[in-house]
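Read through the structure below, which is laid out as C-alpha cells, and then see the notes.
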2 protein chains.
Amino acid sequence: MKIGELARLSGLTPSRIRFYERIGLLKTVDRRPNGYRTYPQQAVMVLGLITTAQRAGFTLDEIRTLLPPDLDHWDHVTLMDALTRKIADIEALQARLAQSRVHLLRLVEDIQARPDDMDCAANAHRVLTNMLAEHPEALDVTSDDIRLLDTTDRRQSVSPGRRKKTAPC
Amino acid sequence: MKIGELARLSGLTPSRIRFYERIGLLKTVDRRPNGYRTYPQQAVMVLGLITTAQRAGFTLDEIRTLLPPDLDHWDHVTLMDALTRKIADIEALQARLAQSRVHLLRLVEDIQARPDDMDCAANAHRVLTNMLAEHPEALDVTSDDIRLLDTTDRRQSVSPGRRKKTAPC
DNA sequence: CTTGACCTTGAAGCTACCTTCAACGTTAGG
DNA sequence: CCTAACGTTGAAGGTAGCTTCAAGGTCAAG
C-alpha cells in the first residue's frame with residue numbers, strides 16, 4: 001500500500017503520516033525501489049489507534065512512549081498506568097469545566113439581575129466587583145486589595161433624567 | 001503604578017503585561033517622562049478580568065473583541081452572546097470528555113477481561129479490533145474495511161506450554 | 001510523448017501564548 | 001558614587017501538531 005492509499009483508508013493526510021514517521025511515532029517503513037513508502041495493512045490500524053488515542057486526550061509524545069513496535073506486544077503495566085492517569089486527568093478537567101460553566105452561568109444571571117434603579121455603568125461595576133470578589137484567585141491579592149481596587153463611590157444616586165436614557169443592558 | 005507593581009498585584013509577569021499591550025489587548029498606557037509605563041488602579045481589575053476570562057476558556061482574541069475601552073461601557077449584546085456561546089462550547093467539550101472517559105474506562109475493563117485461555121498477543125488483538133470496531137469514526141473506513149484489517153486467523157489454539165509462560169497482561 | 005496524478009525531500013510557515021535574550025537607560029538605597 | 005533592582009526595546013525562541021512550499025522524480029493513460 002502506498003502512502004496515498006493509506007491516507008485515504010486512515011482519513012489522514014500523507015503529510016501527516018510522513019510527519020508522524022519523522023517524529024518517530026511511526027517506525028520507518030519499507031520502501032519500493034523507486035523510493036516510495038510501502039505500508040502493510042496493519043498501518044491503518046496503527047493510525048486509527050493514534051487518532052483514537054489523540055481524541056482521548058493523549059499527546060503524540062505519550063502515544064509514542066505507549067505504542068509498542070509490535071501491536072501484539074504491549075507494555076501492559078505502563079499502558080494501564082497511562083490509561084488510569086489519563087482518566088484522572090479527564091476527570092480533573094471535567095471538574096474545571098464544570099466550575100467554568102457555573103461561573104459563566106452565574107455571571108450571565110448576575111448581569112441580568114441589574115436593579116431597576118441602577119444604570120449600565122454602575123451595573124457593570126457591580127458585576128465586576130462581585131466577580132473579582134468571588135474569584136480572588138484571578139489576582140494574587142487579598143480581599144483588602146480588592147476593596148482598594150474599588151475606585152468608585154458607592155452612592156447610587158441615579159437622577160430620574162438619566163434613568164430614562166438607560167439603555168437595555 | 002509601575003509595571004512591576006502591577007505585575008505583583010495581578011500575579012502576571014511584566015513581560016506578559018507588555019505582551020498584552022503589544023497585541024492590543026491592553027490599550028497603550030501613559031508613560032512617565034523617563035519612558036516607564038504608569039498604570040491606573042483599574043489596570044489590576046482589567047488584568048484580573050483577562051485571566052478570569054482566559055480560565056473560562058476565552059482566547060485572547062475573543063477577550064480583545066469583548067473588552068471595552070472603558071470598563072463601565074460594555075457591549076451588552078455582544079457580551080451576552082459570547083458568554084452564551086462559550087457556555088455552549090463548554091457543554092460540548094464536557095460531552096466529548098465524558099465520552100472519552102467512558103471510552104477509556106471501557107478500554108481498561110476490556111483489557112482486563114482477557115479470557116484465561118487467551119495469550120497476551122491474542123488479547124491485544126481482541127481489544128484492538130473491538131476498539132476500532134466500536135469507534136469506526138477513527139478511520140474513514142466501513143466495517144467491511146475493518147474486517148479486512150483483521151489479518152490474524154481466529155483459531156485460538158494456545159498450547160499448554162505457552163500458556164504457562166503467559167505474562168500477566 | 002505528454003499530461004496529470006502521484007511520490008520524494010528539507011525547510012519554512014502557522015496558531016496561541018508567552019518567555020527569554022541582548023543591550024541598554026533609570027532609580028533608590030547605602 | 002556604586003550597585004542592585006527595575007525599566008525600555010526588538011527579535012528570537014519554544015511548545016504542539018501539523019501544513020505548505022519548492023524543486024524535483026515516477027508512473028499510467030491516451
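A note on names: the letters A, B, ... follow the listed sequences, proteins ahead of strands, and every chain is numbered from 1.
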Verify, without hydrogens or angle tests, whether B/S100 (side chain) and A/R55 (backbone) share a donor-acceptor contact under 3.5 angstrom. yes
Please check the phosphate of C/dC18 (OP1 and OP2 only) for any side-chain N or O of B/S15 closer than 4.0 Å. no
Whole Å only: how far is the CZ atom of B/F19 from the P atom of C/dT15? 13 Å
With heavy atoms under 4.0 Å as the rule, sort A/R32 into base, sugar-phosphate or nothing. nothing
Closest approach to the side chain of B/T13, judged atom by atom: which nucleotide of C/dT9, C/dT19, C/dC17 is it? C/dT19
Which of the following nucleotides, C/dT26, C/dT8, C/dT19, is nearest to the side chain of B/N34? C/dT26
Output the rounded distance in Å from CZ (B/R22) to P (C/dT19). 10 Å
In sequence, state the C-alpha distance, the side-chain angles, and the governing distance for B/D89 and B/R85, and then conclude on salt bridge (Lys or Arg N to Asp or Glu O under 4.0 Å). CA-CA 6 Å; B/D89 288 353; B/R85 267 188 287 105; over 6 Å; no
Check whether any side-chain heavy atom of A/L6 sits under 4.5 Å from a side-chain heavy atom of A/R37, and report yes or no. no
Whole-Å distance separating the CD1 atom of B/I63 from the P atom of C/dA16: 13 Å
What integer distance in Å separates B/K2:NZ from C/dT27:P? 8 Å
Gap between atoms CD1 and C1', on A/I17 and C/dT9 respectively (whole Å): 17 Å
Rounded to the nearest 0.5 angstrom, the CG-CE distance for A/N123 and A/M118 is 6.0 Å
A/Y36 OH - C/dC6 P separation (whole Å): 11 Å
Does B/E62 reach a base, just sugar-phosphate, or nothing at all? Heavy atoms under 4.0 Å. nothing
Looking at every strand, decide which applies to B/I3 at a 4.0 Å heavy-atom threshold: base, sugar-phosphate, or nothing. sugar-phosphate
Gap between atom CE of A/M131 and atom CG of A/L107 - 0.5 Å precision: 6.0 Å
Quick one: how far along DNA chain D does chain A reach, first to last nucleotide 5' to 3', anything under 4.0 Å to a heavy atom? D/dG17 to D/dC27
By nearest-heavy-atom nucleotide on DNA chain C, the more 5' of B/T59 and A/P14 is A/P14
Do B/Y20 and A/L132 land in one hydrophobic cluster if side-chain heavy atoms of ILVMFWY residues count as linked below 4.5 Å? yes
For B/R18, answer base if it contacts any base atom (sugar-phosphate contacts may also be present), sugar-phosphate if it contacts only those atoms, and nothing otherwise; contact means non-hydrogen atoms under 4.0 Å. base
Starting at CG of A/L6 and ending at P of C/dC7, how long is that distance when rounded to a whole Å? 10 Å
Output the rounded distance in Å from CZ (B/R37) to P (C/dT27). 15 Å
